[in-house]
There are 2 protein chains.
Amino acid sequence: MTTDQLSLTFSALADPTRRAILARLAGGEASVKELAAPFKMTLPAVSKHLKVLERAKLISRGRDAQWRPCRLRAEPLREVDDWVERYGQFWDESFGRLDDYLVELQSKEKDHDEPKDYR
Amino acid sequence: MTTDQLSLTFSALADPTRRAILARLAGGEASVKELAAPFKMTLPAVSKHLKVLERAKLISRGRDAQWRPCRLRAEPLREVDDWVERYGQFWDESFGRLDDYLVELQSKEKDHDEPKDYR
DNA sequence: CAGTTAGTTAACCAGATGGTGAAATGAAGC
DNA sequence: GCTTCATTTCACCATCTGGTTAACTAACTG
């Protein structure tokens with residue numbers, strides 16, 4: 001497994017159960033049993049998901065008698081946001097159309113036996 | 001494996017090699033060999049990474065003689081951005097401090113034998 | 001045609017992941 | 001101390017992942 005924080009964050013988020021848990025925690029802290037309730041899987045399975053989230057620093061856990069309340073720690077998501085923002089220019093529609101146009105130009109160059117530039 | 005688009009996108013991004021490939025493609029399309037050059041892994045390994053990215057719709061591939069040029073398809077990243085933006089309020093520092101304050105209050109309630117509310 | 005270049009597919013491997021049931025731990029309540 | 005509730009740990013399992021080497025396909029080149 002990769003150990004950098006961003007990879008850790010992305011792989012923690014790559015599971016709908018874990019994203020649902022985060023969504024729930026956005027509404028306030030919750031115990032493991034409460035977090036597990038909406039899912040059909042067993043408690044140990046949820047416990048594992050929580051460990052993944054904790055390792056990714058997306059949650060932290062306290063202690064209140066026999067409960068281990070979980071709380072959202074969204075800081076790593078800021079790093080995700082920073083990363084994804086760098087691609088913002090590439091997903092706007094007008095860029096897509098310009099892109100297609102450039103591809104067409106390149107195809108025409110190819111017809112003329114021009115070498116392609118793969119920079 | 002989970003099949004929803006968002007999980008597919010997150011897990012495709014959860015690998016530094018694949019993120020590096022996307023970064024490279026942000027500078028323009030490239031052949032498989034060119035994409036593989038910076039890495040010490042073999043070509044089939046890169047080919048697999050490209051297949052993951054393609055399945056996540058983060059790249060598309062053309063055909064130019066013996067080359068299979070790859071191009072960035074950043075649209076799925078918009079979905080990631082939308083998802084992560086919902087947590088923006090949770091990673092700002094002042095919220096964190098307010099949060100800690102509320103936890104402290106809750107601890108005090110516990111000292112008074114007040115029942116906790118986990119909603 | 002034979003040879004070269006670009007890339008994929010196939011078979012394999014080690015280790016991670018996501019789930020299970022059963023047993024262990026920890027704290028509270030009687 | 002025994003019981004109960006919340007949660008974790010353990011042992012196990014199937015599947016996915018990320019890498020390898022070797023063999024194959026596809027297209028150009030001479």
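Chain A is the first sequence line, chain B the second, and so forth, proteins listed ahead of strands; every chain is numbered from 1. Side-chain atoms are counted along with the backbone in the values below, which use heavy atoms only and exclude waters and symmetry mates.
Closest approach to the Arg63(B) side chain among dA26(D), dG19(D), dT7(D) is made by dA26(D) (side chain taken as heavy atoms from C-beta onward). Distance from the side chain of Lys33(A) is smallest for dA6(D) among the nucleotides dT20(C), dT20(D), dA6(D). Side-chain atoms of Val32(B) lie closest to dG7(C) of the nucleotides dG21(C), dG18(C), dG7(C). Nearest to the side chain of Ala45(A), among dG18(D), dA6(C), dT20(C), sits dT20(C). Distances from the side chain of Pro44(A) to the nucleotides dT7(D), dG21(C), dG7(C) place dG21(C) closest. The side chain of Gln66(A) approaches dA28(C) more closely than any other nucleotide in the set dT20(C), dA28(C), dG19(D).
Axis angle between the ends of the helix from dC1(C)-dG30(D) to dC30(C)-dG1(D), five pairs each and rounded to 10 degrees, works out to 10°.
Taking both residues in full, the closest heavy atoms of Glu34(A) and Arg24(A) are given as O-NH1, 2.9 Å, listed atom of the first, atom of the second, then distance. Smallest separation of non-hydrogen atoms from Ala12(A) and Arg18(A): O-NE, 2.7 Å. Across every non-hydrogen atom of Ala26(A) and Tyr87(B), the tightest pair is CB-CE2, 4.1 Å. A pairwise comparison of heavy atoms in Ser31(A) and Trp67(A) identifies CB-CD1, 3.9 Å as the closest pair.
Spacing between atom CD of Glu54(A) and atom P of dT8(D) amounts to 9 Å, rounded to whole angstrom units. In this structure, CG of Leu50(A) is placed 9 Å from P of dT7(D), rounded to the nearest angstrom. Remark: C1' of dT4(C) and CH2 of Trp67(B) are 11 Å apart, rounded to the nearest angstrom. What separates CD1 of Ile21(B) from C1' of dG18(D) is a distance of 12 Å, to the nearest Å. Here dT17(D) presents its C1' atom at 14 Å from CG of Leu8(B), a figure rounded to the nearest Å. The interatomic distance linking Asp15(A) (CG) with dT17(C) (C1') rounds to 10 Å, in whole Å.
For dT17(C), the OP1/OP2 oxygens have no side-chain nitrogen or oxygen of His49(A) closer than 4.0 Å. For dA16(C), neither phosphate oxygen OP1 nor OP2 lies less than 4.0 angstrom from any side-chain nitrogen or oxygen of Arg55(A). A sub-4.0 Å separation between OP1 or OP2 of dT9(C) and a side-chain N or O of Lys51(B) is present. Within the 4.0 Å cut-off from OP1 or OP2 of dT20(D), not a single side-chain nitrogen or oxygen of Lys48(B) is found. Between Arg18(B) and dG18(D) there is a side-chain polar atom (N or O) within less than 4.0 angstrom of OP1 or OP2. Taking only side-chain nitrogens and oxygens, Ser47(B) never comes nearer than 4.0 Å to OP1 or OP2 of dG7(C).
With Leu58(A) as reference, Leu77(A) is the one residue of Leu72(A), Leu50(A), Leu77(A) to meet the side-chain contact (heavy atoms from CB on, under 4.5 Å) rule.
No donor-acceptor pair under 3.5 Å is formed between the side chain of Arg71(A) and the backbone N or O of Leu25(A).
One finds no salt bridge joining Arg86(B) and Asp81(B) here, because no Lys/Arg side-chain nitrogen approaches an Asp/Glu carboxylate oxygen to under 4.0 Å.
Between the CG atom in Asp64(B) and the CD atom in Glu29(B) there is a gap of 8.0 Å [rounded to 0.5 Å].
Each of Arg61(B) and Val52(A) was matched to the nucleotide of DNA chain C holding its nearest heavy atom; the match closer to the 5' end belongs to Arg61(B).
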